[in-house]
Amino acid sequence: MKRTFVTLLFVAGVVVIGSLVGLFNLPGPWYQGLVKPPFNPPNWIFGPVWTVLYALIGVAGARTFLDHRHSQAMRLWVAQMVLNFAWSPMFFGAEQILGAFIVVMAMLIAILLFIRASWHQDRLSALLFLPYAAWVAFASLLNGSILALN
């Protein structure tokens, strides 16, 4: 019962905080005016993708918290969450493309390090982060392309 409660708490917390960060940092006229690469996805795709990813991140975070609370993996999980929640305010709020690029690159590194740190202690948590790593790698490319084009 405790595992289920902690898992639900982590998933709900990550999804709710991530959603609130997104709602308070929506793409506006500034973003619409930027030159974007041809592979830029439509805006509507980001909400559903991030909701699924946040659920996976929450499950991995709960598992790591319950079984490896004082590990390097837990510290990396927290670090990537801080960076994740910082990206939208940096990009959309502060309109700092370079700053956001630095944040997203640091986030990708933290995600990859989490996967590496979790691989032997909790393979499932590491695997849950693979789609997240792929999406953030794509987001990094997108952010970098927007930086180069503007």
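Atoms considered below: every heavy atom in the structure, side chains included; atoms not considered: hydrogens, waters and symmetry mates. All values derive from a computational prediction rather than experimental measurement.
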Would you find a donor on one side and an acceptor on the other, under 3.5 Å apart, between the side chain of [X] and the backbone of [Y]?
| X | Y | value |
| --- | --- | --- |
| Arg123 | Trp119 | yes |
| Gln121 | Ser118 | no |
| Lys2 | Leu66 | no |
| Arg63 | Val59 | no |

Show me the side-chain donor-acceptor pairs of residues 4-19 shorter than 3.5 Å, one per line, residues at least two apart or across chains.
residue: Thr7; atom: OG1; partner: Arg3; partner atom: O; Å: 2.8
residue: Ser19; atom: OG; partner: Val15; partner atom: O; Å: 2.7

Return the minimal non-hydrogen interatomic distance between [X] and [Y], and the atom names on each side.
| X | Y | answer |
| --- | --- | --- |
| His68 | Met74 | O-CB, 3.7 Å |
| Ala133 | Leu108 | O-CD1, 3.7 Å |
| Pro41 | Phe46 | CG-CZ, 3.6 Å |
| Gln32 | Lys36 | O-NZ, 3.5 Å |

Heavy-atom check, side chain of [X] versus side chain of [Y], under 4.5 Å:
| X | Y | answer |
| --- | --- | --- |
| Leu113 | Arg116 | yes |
| Glu95 | Tyr31 | no |
| Phe24 | Phe92 | no |
| Asn84 | Met81 | yes |

Checklist entry - Mind checking whether Trp30 and Phe91 have ring centres under 6.0 Å apart? => result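 That pair passes the under 6.0 Å test.
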Checklist entry - Can the ring centres of Tyr54 and Trp50 be said to be less than 6.0 Å apart? => result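 Yes, the ring centres sit under 6.0 Å apart.
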Quick one: pull up [atom1] in [X] and [atom2] in [Y] and give me the separation to the nearest 0.5 Å.
| X | Y | atom1 | atom2 | result |
| --- | --- | --- | --- | --- |
| Leu141 | Ile146 | CG | CD1 | 10.0 Å |
| Phe85 | Met90 | CZ | CE | 16.0 Å |
| Leu20 | Ser88 | CG | OG | 12.0 Å |
| Ser145 | Leu34 | OG | CG | 12.5 Å |
| Leu112 | Met107 | CG | CE | 11.0 Å |
| Ile115 | Leu128 | CD1 | CG | 10.0 Å |

Next on the checklist: Just to verify, what does Ala117 make a side-chain contact (heavy atoms from CB on, under 4.5 Å) with, not counting sequence neighbours?
Outcome noted: Ala73, Leu76
Checklist entry - Which of parallel (below 30°), tilted (30 to 60°) and perpendicular (above 60°) describes Tyr132 and Phe129? => result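 Tyr132 vs Phe129 ring planes: perpendicular.
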Are [Y] and [X] co-members of a hydrophobic cluster defined by side-chain heavy atoms under 4.5 Å apart?
| X | Y | value |
| --- | --- | --- |
| Leu142 | Ile45 | yes |
| Leu149 | Phe138 | no |
| Phe39 | Val136 | yes |
| Ile111 | Leu130 | yes |

Checklist entry - Do you see a donor-acceptor pair shorter than 3.5 Å between the side chains of Trp87 and Asn25? => result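 Side-chain D/A pair, Trp87 to Asn25: absent.
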Checklist entry - Where do Ser125 and Phe114 land on the side chain to side chain contact (heavy atoms under 4.5 Å, CB included) test, with the steps shown first? => result CA-CA 9 Å; Ser125 288; Phe114 174 85; 4.2 Å; yes
